[in-house]
*Asks:* 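Starting off with a structure, shown below.
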Amino acid sequence: MTTAVKGEQISYREAVREAIRDAMRRDDRVFLMGEDVGRYGGCFAVSLGLLEEFGPDRIRDTPLSESAFVGAGIGAALAGMRPIVEIMTVNFSLLALDQILNNAATILHMSGGQFNVPLVIRMTTGAGRQLAAQHSHSLEGWYAHIPGLRILAPATLEDARGMLWPALEDPDPVLIFEHGSLYNLSGELDSTGPVDIDHAAVRRPGRDVTLLAYGGMLHKTLAAAEQLSEAGVEAEVIDLRTLRPLDDETITGSVRRTHRAVVVDEAWRSGGISAEVSARITEQAFYDLDAPVERVCGAEVPTPYAKHLEEAALPQPADIVAAACRAVDSDA
Amino acid sequence: MTTAVKGEQISYREAVREAIRDAMRRDDRVFLMGEDVGRYGGCFAVSLGLLEEFGPDRIRDTPLSESAFVGAGIGAALAGMRPIVEIMTVNFSLLALDQILNNAATILHMSGGQFNVPLVIRMTTGAGRQLAAQHSHSLEGWYAHIPGLRILAPATLEDARGMLWPALEDPDPVLIFEHGSLYNLSGELDSTGPVDIDHAAVRRPGRDVTLLAYGGMLHKTLAAAEQLSEAGVEAEVIDLRTLRPLDDETITGSVRRTHRAVVVDEAWRSGGISAEVSARITEQAFYDLDAPVERVCGAEVPTPYAKHLEEAALPQPADIVAAACRAVDSDA
Amino acid sequence: MTEKRGTRTTRKRTSQSRTSVARTNRSHSTDNAAPTAPGHEAAKHRADLLREMRRIRRFEERCVELYSAAKIRGFMHLYIGEEAVAVGVMRALTPDDAVVTTYREHGHALARGMSEESIMAEMYGRVTGCSRGRGGSMHLFDAGLRFYGGNAIVGGGLPLAVGLALADRMRGENRVTACFFGDGAVAEGEFHECLNLAALWNLPLLFVCENNLYAMGTALNRAQAETDIALRASSYGLASWAVDGMDVLAVEQAAARAAEAVRWGGGPHFLELRTYRYRAHSMYDPDRYRDKAEIERWKAHDPIDALAARMRAEGQLTDDALAAMDKQIADEIDRAIEAADAGAWEPVEDLTRFVYSAPPTKAPTGAMSS
Amino acid sequence: MTEKRGTRTTRKRTSQSRTSVARTNRSHSTDNAAPTAPGHEAAKHRADLLREMRRIRRFEERCVELYSAAKIRGFMHLYIGEEAVAVGVMRALTPDDAVVTTYREHGHALARGMSEESIMAEMYGRVTGCSRGRGGSMHLFDAGLRFYGGNAIVGGGLPLAVGLALADRMRGENRVTACFFGDGAVAEGEFHECLNLAALWNLPLLFVCENNLYAMGTALNRAQAETDIALRASSYGLASWAVDGMDVLAVEQAAARAAEAVRWGGGPHFLELRTYRYRAHSMYDPDRYRDKAEIERWKAHDPIDALAARMRAEGQLTDDALAAMDKQIADEIDRAIEAADAGAWEPVEDLTRFVYSAPPTKAPTGAMSS
Ligand SMILES: Cc1ncc(C[n+]2csc(CCOP(=O)(O)OP(=O)(O)O)c2C)c(N)n1
Ligand SMILES: Cc1ncc(C[n+]2csc(CCOP(=O)(O)OP(=O)(O)O)c2C)c(N)n1
Ligand SMILES: [Mg+2]
Ligand SMILES: [Mg+2]
């Protein structure tokens, strides 16, 4: 039923598109709704061609009314549909945050279990393309604060392809954050099937230090791990994948073995999800730690346009390497 | 110039009102704007009587248009006014969050330093009055994530009275979070003057464990400290006061002495500001810690209406005592 | 599944219709208001309406006592004075239709058919309440009745209603979603976004604006540059009327017409019900912002008294019948209160139940103490 | 500081005015458009307008080249085709007035008087740019000109403009705040909230809606149930007109009238400028959603060509004069590019400068490594 075949070259963008196409074919309750998903083909060309296949009812362009169409997704989900709402980018999701927090995440509990909200919201997140202060946020950590939601951050082709279906099968609202820098990532798809959305994944085994990252930062972290390896430090790289609920076992399990941890997050440091990961590691593996948990985060500044300033504002592999070295060296 | 006299009995509500009155008298650029601040007298009666004194231009009632009137406050501040915008409660502030993040916090940097935003936003926060899931949030941690803002949480009468003026003198946007359970707090005012808004305060000295709290949780934490004292544990209680920027020195200084820390926060645990405080303590005082930093937070659940459930969802003195005992006992 | 906008009716309000519904013009006959049913049946129909309104009023009067007795806590918003709106509109809906409303929803819940027991127990915070005690006065829900709850964020229910109606539209169901909100919500951005979406997509949505002239302490004319809400609504390209919200027969008639139009493809309709709340905004409100005389003026047009008077005049109501009705209502409410008082509490261990549909595979709060 | 609403003009658009400005009716004379100045002065005035429009167009054409050469990065939105709007409206403003605009603001910035140097350097990311390289194409600011910036959140500038106007109102200043935004913004809740606030408070605010018929790939009629934006705006109780945005003289005249009314207490005014963008939404946009023929149809009414043709017909423009004008423009732009190329970079150490006005007393990021 899927059109992407294992082993073929595919981009992250195409993987997301195939996931949507596949879900739309499988279940006629599924529809895609958002700004410019149809005629335009999606702001990042994710949904290109889907309008032609599924028509304007199920590939539904919306006006610029984030609160209304996200809320409409919640309402449609309440009525038994399986909407995929696309918010063009996380920056605009603030306009719909009230709906997400006060309705999507809350109605199940507030109604004493009567109404669940089987909704998927996808949005692009992150910086790195010189889009300046209002178009470069990484706010998924805020969403990961909200009980009632599940938060996913696909960083690989398989996750881009495989997370959507289980998200749609989840009876509760799921938010999927796609980092803008990943759409052009391409390679062979190992599998076109649904993936586990409960667990973090070890993307690179290692023994000396655990590097924890997700989304756009995973690839910089893997690059850093390569550099560290050349310097004789074997880093284990964990892709968090699911930001809520966090997979404590995988995280803590790794740190118990390596005794050192570095959390990498593109978001601003103070109050980012990096803080939560760090706090949990300390809470759960304090006596196994040989060094304080390090964080490598975005500088606390509205993301600047100029390339050199933006680069300085974002975590770079060198910063990760330096933090890992500090953790390893602090072996008291 | 001030009407409240040192030594008089005064409530937190009155202290905030006097602070507003005083600022309005001192500086005619200051005005108060928000829903029902005028004719109604303020949702929590904070601004009662001010309309009569200052008139409808400066005690300005707004329609239910959070994004517009908060943004209007930003615009008026850009034009050189000193607006105090009241958002009735933090729950509704989400509707204005885009304005706060993408304009108030960002314009100074994004304009290369040309335009600052001398705005104060006040809002009520917190749970505890059986107002259920949509009226009980503690989201100040989200705001504390945003570079460009200063975040204050007055927990005492002096801070309720004294934080507003320095906030108005700050050239940049300041958000003041008033916990709804504090308005009826009353006592003698030690001073009617402006207070320092840069530092945390030690509200109770102690040597065995550091308890860190702010806003509504401060009083439960002080109660817990009393109970601990009876059990022979002398807790130092720190009132964070300023949630951004956090006062690392005071926090870390205390933990270096007590070697143990418990962070108390009414907000949901995952991704709350408690995580940031915990992570920072570990980063800055790892080798001084005799136990992992503990957190006592709100349960990760939309706040329920029923009293017994709400109480179970919120941190209680007994939970703080238990956490402090765990920290003290884990002396390995 | 196709969306033909051509079928949309475009009966926009004119200045003519604007004045014809003005409150001053209350002598306007609404005899044809009830579904045409001669003699006995018409009388019975009116008696039902009367009974519903009295039941709602009495229920809330008891709630006030129970609030004073601290049996009910938190925010509680009374509907007293506005009963004709809920009763009239709900009559136009079928069990398949959906309802979305606000924190001021006791009347809607009762008129929709939720039991006094389940509502009272909810306000008592008992597990026997409709929302298992988690919601309280502001968050009454009933899946069986497609009652999608009281929403306490002003304007927050409108997008949900758009989505419910969208689902029906996509599936080709001839169902109506009725969305209640106040005059205060008209100022919110969501109002604007949702009216446009509903009109643009020709959704089967009935907007029910309860204009009681105040949003907390803010009078409509201090919140809106243009205070004719129905006229404003018509600017979105949907059919819109203002209706005397103190006349249950007028409400019922207007709602029936609008709902049928909505149900059969006529696109979204908007009703502005001009009404008044006699009581303060909530139990916390000292009600300093309006003239007591204004309240009394409105009470002179009380929807319950008005219907009763009319029925008496037409020989449809006797003192005995009224007393019997009230007695029955009082008994029902007594039983609900007793049941609420006897209701069990949700065990504290179940606090986090329903945060997710299934217990999450891993506890999201799972920090273990070491 | 008092707010008398009585002075508010209430020239609402009628269906009469609606058709009189329709694009089909382009023969409609705008000879009285320029501030009445006979002969030589009128010619000079038109030459200035022509020069401004050509300068903006040429500037952006060079930007396209520079984008291809990767000198300019990020999002860049071109104004080509819409120049008459910025040029016409800015003429109505004085230096004391304020401007708030969007990410598509090169034209506004140039027409407001920002130098080509400061804009080009900004797009190059240099410290010599108007926003020290922090803003880029979407975030041009100029405090001296009260140019409150390009805002990249659709609708996000409107509340700021309300606040700027509110400050003027409270202080009794006779200043205008002009707020530019697109047709897409009309769907956002903030549009609604801000129009109401401006009308309710009678603020000195000029709303300038650049209706280029598309919000990215979404045509106006697929975004709005009611596509007559000026008519919609009038429903808020403010004066509103639609104007041919391809006719700089018509724009200038309408803006001048509206701005004067706003300045002298007439309350907020709304102009819908009917225009068109020839280029894709941004440099990322493959422009798949519209007909190439549609673009050509609009180009036939190009604002620059139209004015030039008219001036020629009236003997106000020669080939030589045009060549000289273009030469001067080309030279100016060349100099700006050279200067941008030579501009310094903000030192990376200053990254966090301007996050706060003064260096914060304690570093908010101050995690020390142990
Ligand atoms: C977004 C939002 N802002 C503010 C409030 C606080 N509040 C609760 S009810 C209310 C007034 C609403 O008035 P209206 O819509 O007319 O409904 P009514 O209470 O008159 O039935 C306000 C301001 C809220 N609940 N939500
Ligand atoms: C709140 C928000 N939602 C979505 C976007 C993405 N976006 C940028 S421009 C645009 C279209 C805006 O169209 P319009 O207002 O007509 O202005 P134009 O680009 O035509 O000048 C969109 C959807 C955004 N920047 N902000
Ligand atoms: Mg009301
Ligand atoms: Mg447009």
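The sequence lines fix the lettering, A, B, ..., with proteins before strands; numbering per chain opens at 1. Side chains included, hydrogens not; waters and symmetry mates left out as well; all remaining heavy atoms used. Keep in mind it's a predicted model, so treat the numbers as computed, not measured.
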*Asks:* With a 4.5 Å cut-off on heavy-atom pairs, point out which of A:Ile273, A:Leu289, A:Asn103 contacts chain B the most.
*Replies:* A:Leu289
*Asks:* Only pairs of heavy atoms separated by less than 4.5 Å count here; which of A:Ile281, A:Leu94, A:Val277 has the most with chain B?
*Replies:* A:Leu94
*Asks:* Would you mind telling me which of B:Asn102, B:Leu97, B:Asp98 has the largest number of heavy-atom pairs within less than 4.5 Å of chain A?
*Replies:* B:Asn102
*Asks:* Using only heavy-atom distances, determine whether the side chains of A:Ser270 and B:Arg280 contain a donor-acceptor pair under 3.5 Å.
*Replies:* yes
*Asks:* Which bit of B:Ala96 comes within less than 4.5 Å of chain A, counting heavy atoms only: side chain, backbone, both or neither?
*Replies:* neither
*Asks:* So which residues of residues 124-135 of chain A are in contact with chain B at a heavy-atom cut-off of under 4.5 Å?
*Replies:* A:Ala133, A:Gln134
*Asks:* Give the minimum heavy-atom separation between A:Pro304 and B:His109, together with the two atoms involved.
*Replies:* CB-CE1, 4.2 Å
*Asks:* I need the minimum non-hydrogen distance between A:Tyr287 and B:Ala291, along with the two atoms involved.
*Replies:* OH-CA, 3.9 Å
*Asks:* Quick check on B:Ile146 against chain A: is it the side chain, the backbone, both or neither that has a heavy atom closer than 4.5 Å?
*Replies:* both
*Asks:* Measure A:Leu101 against the heavy atoms of chain B and call it side chain, backbone, both or neither at under 4.5 Å.
*Replies:* side chain
*Asks:* Most heavy-atom pairs under 4.5 angstrom with chain A, which of B:Gly148, B:Ser93, B:Pro302?
*Replies:* B:Pro302
*Asks:* For the residue pair A:Glu276 and B:Arg269, what are the closest heavy atoms and their distance?
*Replies:* OE1-O, 3.3 Å
*Asks:* Determine the interplanar angle of the B:Trp142 and A:His145 rings, folded into 0 to 90°, and report it as parallel if under 30°, tilted if 30 to 60°, perpendicular if over 60°.
*Replies:* perpendicular
